[in-house]
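For reference, the structure is listed below as structure tokens.
Per chain, numbering begins at 1; letters A, B, ... match sequence-line order.
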Amino acid sequence: MMEFISQTWPWYVSGTIIASILFFLLWFGKEFGTSAVTRVLVAIFGGGKFSDFFDFPWKTQIWNLMFVFGAAIGGYLTMQFIAPEPHFAQISEATVNTLNESYGFNLTYGEVPLLPEFYQSWESVLTLKGFIIVVIGGMLIGFGARYAGGCTSGMAISGISNFQLPSVVAVIGFFIGGLIMVNYILPFITNL
Amino acid sequence: MKHIKFILVGILFGVTMYMTEAVSWFRIFEMFKFQAFHMYGIIGTAIAIGIVVTWIFKSGKLNDINGNPVKINDKAKTWPRYIIGGIIFGLGWGLSGLCPGMVFILIGAGNPVFIIFMISILIGTFMYGVLRTKIPH
């Protein structure tokens with residue numbers, strides 16, 4: 001049993017579980033949207049003094065803080081009790097070749113770590129590459145998620161499941177941005 | 001105590017995303033290179049079943065846990081924010097290979113770099129809040 005759940009979970013299993021999370025949150029009278037938590041956190045840290053965007057009744061959103069707190073516990077429990085050691089990401093051979101040929105990686109197919117080296121220690125933030133990926137990347141994600149009104153969970157999953165055209169437009173935007181980044185900008189950053 | 005159910009659902013989310021490798025930068029890269037079906041399968045399955053789930057509540061077949069009808073607000077139909085904001089989010093997603101939910105999971109899994117990552121996300125969120133009235137929506 002343990003060996004079975006320690007393997008990479010197949011897409012149809014995780015997709016079904018995500019839909020069940022959508023079910024539970026709707027049943028609890030809430031909406032699935034993880035990035036909304038960032039607005040709550042900025043409000044808690046006093047952002048309301050600088051922008052009325054953060055001056056809202058955030059206490060009604062404590063349930064979402066509890067949800068991401070649970071997600072963090074889930075990460076801890078997985079790391080401790082479920083994930084294999086060492087944990088390899090089962091990405092395709094084509095992806096390994098692409099990363100080695102054009103993106104400055106030196107990976108072996110079948111032995112790709114779950115996290116790339118720039119995420120394996122906090123000191124990487126002190127390098128130019130790590131700084132761009134962690135700090136600039138984080139800021140783009142935070143800014144863009146609130147500007148677009150949601151991220152992958154709120155827009156792609158909750159929104160499209162509810163046939164919201166704005167969500168479809170936002171997800172097309174996600175892919176335009178992602179494809180521009182991965183194909184035209186990222187090679188210059190990962191080769192730093 | 002009423003919050004425990006959200007923590008439990010959050011744990012299910014964290015374990016699942018971790019074990020399906022959605023927390024991996026490499027999986028997001030692979031997705032944007034169209035070199036595997038994995039991430040499309042996850043999101044596609046979630047949406048396909050999600051359509052049924054959403055319909056069950058919207059059509060009133062099932063009320064929420066307190067017996068109240070579930071009301072899901074429609075998204076406002078003003079387009080610039082979804083296009084421009086979506087592209088900015090996508091640039092960050094392609095660069096960092098993580099969406100916001102994954103960062104909480106990885107903080108829990110114990111690497112301090114993701115705390116810096118979360119602070120950066122909050123700075124970006126704050127900048128949006130400050131600039132909100134000056135950018136097109």
Checked B/P112, B/A36, B/G86, B/P69 vs chain A; the most non-hydrogen pairs under 4.5 Å come from B/G86
Under a 4.5 Å heavy-atom criterion, the part of residues 172-179 of chain A in contact with chain B comprises A/G173, A/F174, A/F175, A/I176, A/G177, A/G178, A/L179
Give every donor-acceptor pair between chain A and chain B closer than 3.5 Å, one pair per line, or write none.
unit_1	atom_1	unit_2	atom_2	d
A/T8	OG1	B/E21	OE2	2.6
A/W9	N	B/M19	O	2.8
A/W9	O	B/T20	OG1	3.0
A/S14	OG	B/T20	OG1	2.8
A/W27	O	B/I65	N	2.7
A/T38	OG1	B/T125	OG1	3.3
A/S51	OG	B/G129	O	2.7
A/D52	OD1	B/R132	NH2	2.8
A/G70	O	B/I11	N	3.4
A/A71	N	B/G10	O	3.3
A/Q90	N	B/E21	OE1	3.0
A/Q90	N	B/E21	OE2	3.3
A/Q90	O	B/R27	NH2	3.0
A/S92	N	B/E30	OE2	2.6
A/S92	OG	B/E30	OE2	3.4
A/S92	OG	B/Q35	O	3.4
A/T95	OG1	B/Q35	OE1	2.9
A/T98	OG1	B/Q35	NE2	2.8
A/Y103	OH	B/K33	NZ	3.0
A/L114	O	B/S24	OG	2.7
A/Y119	O	B/N111	ND2	2.6
A/Y119	OH	B/S96	O	2.6
A/Q120	O	B/N111	ND2	3.1
A/I133	O	B/S96	OG	2.7
A/R146	O	B/R81	NH2	3.3
A/Y147	O	B/R81	NE	2.8
A/Y147	O	B/R81	NH2	3.2
A/Y147	OH	B/P136	O	2.6
A/N162	OD1	B/K58	NZ	2.9
A/Q164	OE1	B/K75	N	2.7
A/Q164	NE2	B/D74	OD1	2.9
A/F174	N	B/G86	O	3.4
A/G178	N	B/G90	O	3.3
A/N183	OD1	B/K33	NZ	2.8

Note: vs chain A, highest number of non-hydrogen pairs under 4.5 angstrom among B/F37, B/F104, B/F34 is B/F104
### Task
Indicate yes or no: at least one non-hydrogen side-chain atom of A/F105 is less than 4.5 angstrom from one of B/F26.
yes
When the 4.5 angstrom heavy-atom criterion is applied to A/V135 and chain B, the contacting part is both
The complete set of salt bridge (charged side-chain N to carboxylate O under 4.0 Å, His left out) pairs with one or both residues in residues 93-113 of chain B, sequence neighbours excluded, reads none
Whatever's closer than 4.5 Å to a heavy atom in chain B on A/F88 counts as backbone
Under 4.5 Å to a heavy atom of chain B? For A/I157 that would be both
Cut-off 4.5 Å, heavy atoms of chain B, and the answer for A/L77 is side chain
If one checks every heavy atom of A/V112 against chain B at 4.5 Å, the contacting part turns out to be side chain
Tightest non-hydrogen contact, residues A/V42 and B/L122, listed as CG2-O, 3.6 Å
Rounded to the nearest 0.5 angstrom, the CD1-CD1 distance for A/I141 and B/I121 is 5.0 Å
Quiz item: Got B/L62 and A/F23 here, is their nearest side-chain heavy-atom distance under 4.5 Å?
Solution: yes
A/L186 and B/G94 have their tightest heavy-atom pair at CD2-O, 4.1 Å
Turns out that what part of A/L114 lies under 4.5 Å from chain B's heavy atoms comes down to both
If one checks every heavy atom of B/L131 against chain A at 4.5 Å, the contacting part turns out to be side chain
Whatever's closer than 4.5 Å to a heavy atom in chain B on A/L65 counts as neither
Honestly, the part of A/F54 sitting under 4.5 Å from a heavy atom of chain B is side chain
Bottom line for B/M17: the part with an atom under 4.5 Å from chain A's heavy atoms is side chain
If one checks every heavy atom of B/L106 against chain A at 4.5 Å, the contacting part turns out to be side chain
Honestly, the part of B/F57 sitting under 4.5 Å from a heavy atom of chain A is side chain
Applying a strict 4.5 Å limit to non-hydrogen atoms, the region of B/V70 in contact with chain A is side chain
Taking every heavy atom of A/L140 against every heavy atom of B/I88, the minimum-distance pair comes out as O-CG2, 3.6 Å
When the 4.5 angstrom heavy-atom criterion is applied to B/V103 and chain A, the contacting part is neither
Heavy-atom nearest pair, B/F117 first then A/G138, reads CE2-CA, 3.8 Å
Turns out that what part of A/V171 lies under 4.5 Å from chain B's heavy atoms comes down to neither
Ring pair (Phe, Tyr, Trp, His ring centres under 6.0 Å) filter on A/F45, not counting sequence neighbours, yields none
Bottom line for B/I115: the part with an atom under 4.5 Å from chain A's heavy atoms is neither
The interface call for B/A48 against chain A, heavy-atom contacts under 4.5 Å, is neither
